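These values consider heavy atoms only, across backbone and side chains, with no hydrogens, waters or symmetry-generated copies. Every value quoted in this text rests on a predicted model; they were computed, and no experiment measured them.
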Amino acid sequence: MPAIPTRFAAPLGLAVAATTLVLVPAPAHAATVDITLLNINDFHGRIDENTTKFATTIEEIRAEAGDSNTLLLSAGDNIGASLFASSNQQDLPTIEVLNALDLAGSAVGNHEFDRGFADLEGRVQDAADFDYLGANVYAKGTTTPALDEYATYEVGGVTIGVIGVVTEETSSLVSPAGITSLTFGDPVVAVNRVAAQLSDGDAENGEADVLVAEYHEGAGAGTPDGSTLEEEVIAGGTFADIVKNTSTEVDVIFTGHTHKQYAWTADGRPVVQTGSYGENIGRVDLAVDDATGEVTATAVENVARAAEADLTLPRVAEVEAITAEALADAAEVGNRPVAKITADITTAYADGKRDDRASESALGGLVANALRDGLADIGQPDLGLTNPGGLRAELLFDGDTTANPANTDGVVTFAEANAVLPFNNTVALVKLTGAALKKVLEQQWQTNPDGSVPSRPYLQLGMSDNVRVTADPTKDAGERITSVHIDGVPLEEEKTYTVSTLSFLATGGDNFRAFTEGTYTDTGLLDAELWRDYLAGNAPLSPDFARQQVEESGLPTSVSAGDEVSFSLGKLDLTSLGSPVNTTVAVSLVQGKKSVRVGSFPVAEGAAEVSFTVPADLAGTWGVSVLAQPSGTLVGAEPTPAKADATITASKKGKAKVGQKVTLKVSVAAGKASAAGKVKVFRFGKATTVKLNAKGKATVKLAAYGKPGQKKVRVKYLGNADTASATRIVKFWVTKK
């Protein structure tokens with residue numbers, strides 16, 4: 001009998017954290033074969049300076065374990081939500097890198113379906129030298145597999161059977177239009193069905209000595225990173241089902257999708273997820289009885305990505321060549337500056353990591369503003385909404401001139417802008433009743449179509465800065481949104497509102513099914529194009545740290561003289577980089593343009609307790625207005641500014657023809673007087689800003705139009721200390737030359 005490798009020399013444990021080894025000792029009589037399984041998950045097209053380090057990690061483990069005894073696998077999301085160097089070429093560089101590393105097989109992830117099933121089944125699989133597996137992906141309305149369910153590989157004389165499955169939530173995570181022919185079933189049921197087939201002794205339907213389940217599903221977002229295996233299982237949901245109910249015929253469970261990092265054993269069986277983006281390589285070492293195929297010892301760990309690349313390793317050198325070419329191709333377009341920012345504008349952070357999708361962010365608000373303001377030529381949306389999972393990168397102030405001398409501090413390049421919204425959604429306008437819009441907001445508390453709760457139980461929408469929402473998460477489903485204000489006015493359930501959003505959300509993606517109750521118009525404008533134009537037209541941009549949605553309990557809609565008022569507020573702080581910590585809330589009572597200050601109350605960890613008595617000398621009913629400082633977050637009634645109303649008049653000067661600049665004459669009045677200040681004219685999201693002269697007038701030059709027809713621009717007067725801001729849509733005709 002061969003000696004047990006030193007990797008199997010530690011004592012047995014039930015569950016371990018990442019990088020810890022867990023063992024099941026081999027019986028003394030068994031002859032064994034040593035097999036090493038390597039796994040990645042959620043690589044998401046990370047073609048950058050770390051790609052060769054990622055490859056080096058894999059190759060160094062192969063060199064240690066023996067190339068012929070090592071198998072590289074993936075739990076899916078190899079592509080999609082990728083960096084610009086990969087997305088710029090529809091992820092072909094990523095597929096080429098994985099081919100070079102001899103990836104053997106992969107579960108399909110939900111992002112493999114981003115461009116639709118036809119793209120996966122055709123272009124992607126044609127380019128991939130590895131197997132894409134989806135045992136729970138069925139032809140719609142049937143149990144007929146639409147993809148290969150499993151693949152077998154000979155490693156060290158042992159037959160390894162790999163079964164791939166994807167999260168059952170895939171239909172809500174990708175554009176419905178691309179998967180109309182598919183149904184996604186229960187992943188555990190599918191794994192167990194195929195495992196039974198591969199271990200039934202019938203060589204005609206496939207047999208394997210060792211079974212590996214590749215789940216594109218993992219430990220849930222409802223528990224914090226660093227939780228134990230027991231805590232994750234107690235939390236329930238799909239992950240608990242995977243751990244407890246996956247067939248005992250399965251020897252190793254690899255997971256993904258939730259971007260968590262763990263290396264555990266459950267009843268002696270490895271359960272692994274590597275985090276994401278190639279930051280770790282999952283490693284499972286098996287000692288397999290060469291007579292019975294039984295796994296007799298197991299070691300499991302996550303191996304951190306190498307600090308330096310080793311280009312002397314042949315596969316790493318090949319990866320370096322692919323990466324260098326992809327980066328060079330991307331640089332031709334991606335290095336071009338498109339905008340400027342004054343500080344970091346980012347997603348929400350938790351435990352030092354970006355992409356906390358359960359929290360509001362400065363970046364989400366900015367994208368929602370772009371969606372609202374970027375369609376002046378097409379429509380006049382009331383608000384913008386975006387999903388947090390669509391925000392795949394940050395806008396960071398610090399520049400990097402190493403590869404691009406133009407990328408100085410504050411510069412946003414084409415590639416950096418594109419990386420924020422890499423999915424190539426189109427922008428959609430959805431007309432919703434106020435009641436349906438409130439349902440959309442309620443669906444931030446996620447449920448699948450069958451009523452079950454997904455692995456991410458809450459998704460915080462990004463909202464444009466003219467939307468304010470309060471919520472009480474302790475209330476029953478459907479009653480958690482307690483107030484909605486748009487442009488300072490309470491939501492009316494019977495009124496129709498136009499929402500600008502991404503086609504993914506507009507068709508019910510991310511379980512926001514209430515969008516489908518509205519009337520949908522696809523503008524045909526790519527989200528990334530609108531986003532880049534908005535950034536360029538409004539530069540330099542600064543982060544806005546005022547929250548649009550806060551939690552409350554007991555906040556009254558109105559109060560009267562002598563009322564004893566008590567309420568609590570929560571989630572007043574953002575967690576985006578640079579966000580200030582609120583210290584106080586100033587509480588006022590408002591009635592029209594009247595305002596009475598009633599006190600200031602401390603904020604601790606984003607929460608405040610407010611109690612006061614309404615002054616006895618106030619007549620009628622009053623709204624409660626709360627201003628958190630220093631973020632500027634406003635809650636409750638909005639004070640009516642004691643400012644004059646502005647009136648905008650605008651007209652086109654002379655005739656406008658295709659290929660010729662358009663001259664727009666703008667005039668702003670404040671009552672009977674001329675207004676002072678500036679106006680912005682928005683066209684395709686780009687803003688031209690001009691200063692009014694002493695008579696409240698300005699001339700705006702617009703770029704030439706390429707096609708004839710009726711055009712629309714949005715004219716916004718920015719207001720001043722004495723005059724309120726105002727907006728007007730101006731229509732005019734452009735004729736042929």
Indicate whether any N or O donor in one side chain lies under 3.5 Å from an N or O acceptor in the other, for [X] and [Y].
{"X": "Glu320", "Y": "Thr52", "answer": "no"}
{"X": "Tyr132", "Y": "Asn78", "answer": "yes"}
{"X": "Asp131", "Y": "Tyr153", "answer": "yes"}
{"X": "Glu168", "Y": "Asn448", "answer": "no"}
{"X": "Ser361", "Y": "Thr347", "answer": "no"}
{"X": "His257", "Y": "Asp77", "answer": "no"}
{"X": "Asn69", "Y": "Asp34", "answer": "no"}
{"X": "Ser86", "Y": "Asp91", "answer": "yes"}

Check [X] against [Y] and note the closest heavy-atom contact, atom names and distance.
{"X": "Val271", "Y": "Ala266", "value": "CG2-CB, 4.3 Å"}
{"X": "Ala75", "Y": "Asn39", "value": "N-ND2, 3.8 Å"}
{"X": "Asp510", "Y": "Phe504", "value": "N-CZ, 3.4 Å"}
{"X": "Val210", "Y": "Asp251", "value": "CA-OD2, 3.4 Å"}
{"X": "Ala85", "Y": "Ala330", "value": "CA-CB, 3.7 Å"}
{"X": "Thr575", "Y": "Ala348", "value": "OG1-CB, 3.3 Å"}

### Task
For side chain to side chain contact (heavy atoms under 4.5 Å, CB included), just list the numbers for Thr56 and Glu308, CA-CA rounded to whole Å, side-chain angles, deciding distance to a tenth of an Å, and then say yes or no.
CA-CA 8 Å; Thr56 296; Glu308 299 293 337; over 6 Å; no
### Message
side chain to side chain contact (heavy atoms under 4.5 Å, CB included) for Leu98 and Ile40? Distances and angles first, verdict last.
### Response
CA-CA 11 Å; Leu98 297 179; Ile40 63 173; 4.0 Å; yes
Is the shortest heavy-atom distance from the side chain of [X] to the side chain of [Y] under 4.5 Å?
{"X": "Phe184", "Y": "Leu182", "result": "yes"}
{"X": "Asp48", "Y": "Thr323", "result": "no"}
{"X": "Val303", "Y": "Thr57", "result": "yes"}
{"X": "Leu101", "Y": "Leu72", "result": "yes"}
{"X": "Gln197", "Y": "Tyr150", "result": "yes"}

#### Entry: Heavy-atom neighbours of Glu325 CD exceed 12 at 6.0 Å
no
How many angstroms lie between atom [atom1] of [X] and atom [atom2] of [Y], to the nearest 0.5 angstrom?
{"X": "Phe117", "Y": "Glu112", "atom1": "CZ", "atom2": "CD", "answer": "12.5 Å"}
{"X": "Leu421", "Y": "Leu391", "atom1": "CG", "atom2": "CG", "answer": "6.5 Å"}
{"X": "Asp114", "Y": "Ile79", "atom1": "CG", "atom2": "CD1", "answer": "7.5 Å"}
{"X": "Ile47", "Y": "Asn88", "atom1": "CD1", "atom2": "CG", "answer": "12.0 Å"}
{"X": "Asn407", "Y": "Asn404", "atom1": "CG", "atom2": "CG", "answer": "5.0 Å"}
{"X": "Arg115", "Y": "Arg123", "atom1": "CZ", "atom2": "CZ", "answer": "6.0 Å"}

### Query
Taking the inter-plane angle between the rings of His44 and His259 on a 0 to 90° scale, is it parallel (under 30°), tilted (30 to 60°) or perpendicular (over 60°)?
tilted
Donor-acceptor pair, distance only, cut-off 3.5 Å: does the side chain of [X] make one with the backbone of [Y]?
{"X": "Thr255", "Y": "Val272", "value": "yes"}
{"X": "Asn99", "Y": "Ala127", "value": "yes"}
{"X": "Lys260", "Y": "Gly218", "value": "no"}
{"X": "Glu217", "Y": "Gly256", "value": "no"}

Assess whether a salt bridge exists between [X] and [Y], defined as any Lys/Arg side-chain N lying under 4.0 Å from an Asp/Glu carboxylate O.
{"X": "Lys53", "Y": "Asp310", "value": "no"}
{"X": "Glu318", "Y": "Arg315", "value": "no"}
{"X": "Asp285", "Y": "Arg283", "value": "yes"}
{"X": "Arg354", "Y": "Asp356", "value": "no"}
{"X": "Glu149", "Y": "Arg193", "value": "yes"}
{"X": "Glu279", "Y": "Arg46", "value": "no"}

### side chain to side chain contact (heavy atoms under 4.5 Å, CB included) assessment of Ile160 paired with Asp209
CA-CA 6 Å; Ile160 310 290; Asp209 300 314; over 6 Å; no
### Message
Run Val288 and Thr296 through side chain to side chain contact (heavy atoms under 4.5 Å, CB included) and show every step you take.
### Response
CA-CA 6 Å; Val288 183; Thr296 59; over 6 Å; no
### Message
Applying ring-ring contact (aromatic ring centres under 6.0 Å, His included), can you list everything that pairs with Tyr138, at least two apart in sequence or on another chain?
### Response
none
### Message
Distance to the ring centre below 6.0 angstrom and angle to the axis at most 45 degrees; does that hold for Arg305 and Phe54?
### Response
no
### Residue from Thr246, Asn41, Thr238, Thr167 passing side-chain hydrogen bond (donor to acceptor under 3.5 Å, both in side chains) with Tyr215
Thr246
